[in-house]
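Scope of the values below: all heavy atoms of this structure, side chains included, with no hydrogens, waters or symmetry mates. Counting starts at 1 for both ligands and their atoms, in listed order. As the structure is a prediction and not an experimental result, all values here were calculated from the model.
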Amino acid sequence: MSTAEELDAIGVDRLRAAGSLKWSVFPDAIGAFVAEMDFPLAPAVADAVKGAVDRGLTGYLPSAVRERMSEAAARWQRDRYGWDVTADQIRPVPDVLTALRATIDFFTAPGSKIVLPTPAYMPFLTIPAMHDREIVEVPMLVKDGRHVYDLDGIDRALADGGGLLILCNPYNPLGRVFERAELEAVAEVVERHGARVFSDEIHAPLVFAPHRHVPYASISPATAAHTITAASASKAWNLPGLKAALVILTNDADVQTWARPEVAWAEHGTANLGVVATTAAFDEGREWLAGTLDYLDGNRRLLGELLAEHIPAMGYRAPEGTYIAWLDARDLGIDGSPADFFREHAGVAMTDGIACGAAGEGFLRFILATPRPIIEQAVRQMAAALREHAAG
Ligand SMILES: Cc1ncc(COP(=O)(O)O)c(C=O)c1O
């Protein structure tokens, strides 16, 4: 594990030279728009991938390799969240979005609507249309400064033809980590309508104390019965390009449905290197993750301090989980897209909240899994752009 000083020392030039998506799309701007980490891979993960390459494990996915990932994922769920799922309930997929697409196609009633709390991770707003499904956006409410589900809104949407509720916990982009009671309240509404839930838990390893991740399907026999869970090591260990994620099936009917060839086809494309990396991450990457979470914890606090000092009108509440900051730019006096403004005038590339649904208008998504000096540079450049804008 790198020390904080070593992570701090990773500069923009080095990241730009490495050429990740985040650092190559906008060559003149600080990349803060895509959920990638700017830190070196966990050594255990890097060794596992190199070992697989050295062994020539670059063909199709052998079942023994696949099973080891399911076993490691089951151990992870048990050790980390106290959730007893067995390896045979855990299937491989190349990525979480493939799991969502299979869920829509094979686990919901044809033509039923997709109910989506917003602001939402951007592809959740575009994928349903690819499956000829209508989305019902249900904006989150703010209670005591914290985002909470609009249970009445979800109830109405499910009553009005909704068949699947997409939950994202920890929540990209809002950073919430939902408490058991909040999930129980959602479950009650879902049960009332006999609906299904797709629970995207890709950010589950990235939770800051005292918050704790509660797997939605783990809370009751009812949630186990109505949920398809998606899990992955790809956010916490920065592996999305290696193509491996997991679907957790928590009832016999879903296990049987998944076994149908046209459904299990969703597994196709899961890559050996991703499977090997994910196995190593869950089994041997825990200490690295603890160190990374410490660093990220510092980042989310630092961002708050910097904004309070340099851009006090920017709204920010430190995320409880994820490395995504949701910034409220509505009081900054910017006309039009705040993301365009900061990319053009501050050289900081963020996602415009509007891409997360109508509820995101006036907000920004800033990825804080980057060295602290880069966060500081980004805030300073944004503050300078605002000063110039105010001066006219
Ligand atoms: C909530 C959420 N779900 C899914 C994804 C995409 O995951 P995958 O690459 O496994 O499809 C992301 C990526 O940032 C995400 O934040």
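Close contacts of ligand 1 with His203, meaning ligand atoms under 4.0 Å from a residue heavy atom, involve 1 (C), 15 (C), 16 (O). Set against the non-hydrogen atoms of Cys168, the atoms of ligand 1 under 4.0 Å away are 1 (C). Heavy-atom contacts of Ala35 reach the following atoms of ligand 1: 14 (O) (cutoff under 4.0 Å). Taking every non-hydrogen atom of Lys235 and a distance limit under 4.0 Å, the qualifying atoms of ligand 1 come out as 13 (C), 14 (O).
Comparing Asp95, Asn169, Ile202 by heavy-atom distance to atom 7 (O) of ligand 1, the nearest is Ile202. In the candidate list Phe124, Tyr171, Tyr323, Tyr121, Tyr121 is nearest to atom 12 (C) of ligand 1, counting heavy atoms.
Note: Phe107 and Phe198 fail the aromatic proximity criterion, with ring centroids not under 6.0 Å apart. Between Phe26 and Phe33, a ring centre-to-centre spacing shorter than 6.0 Å is recorded.
For ligand 1, the polar-atom distance check against Ile324 finds no nitrogen or oxygen pair separated by under 3.5 Å. Considering backbone and side-chain atoms together, Asn172 places an N or O closer than 3.5 Å to an N or O of ligand 1.
The cationic group of Arg101 does not satisfy the cation-pi geometry with Phe106, failing either the under 6.0 Å distance to the six-membered ring centre or the 45° limit from the ring axis. Remark: Arg330 is not positioned above the aromatic ring of Phe363, lacking an NZ or CZ atom under 6.0 angstrom from the ring centre and at most 45 degrees off the axis.
Not a single heavy atom of Ala245 sits less than 4.0 Å from an atom of ligand 1.
The salt bridge (charged side-chain N to carboxylate O under 4.0 Å, His left out) search around Glu376 returns Arg380, not counting sequence neighbours.
Proximity of Val96 to ligand 1, defined as any heavy-atom pair under 4.0 Å, is shared by backbone and side chain alike.
Side chain to side chain, Asp155 and His193 meet the donor-acceptor criterion of an N or O pair below 3.5 Å. Between Thr86 and Gln89, the side chains place a donor N or O and an acceptor N or O closer than 3.5 Å (distance only, hydrogens not considered).
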Next item on the list: Evaluate the criterion salt bridge (Lys or Arg N to Asp or Glu O under 4.0 Å) for residue pair Arg317 and Asp328; output intermediate values, then yes/no.
Entry: CA-CA 9 Å; Arg317 191 183 169 100; Asp328 183 349; over 6 Å; no
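Of the protein's non-hydrogen atoms, Asp200 OD2, 2.5 Å is the one closest to atom 3 (N) of ligand 1.
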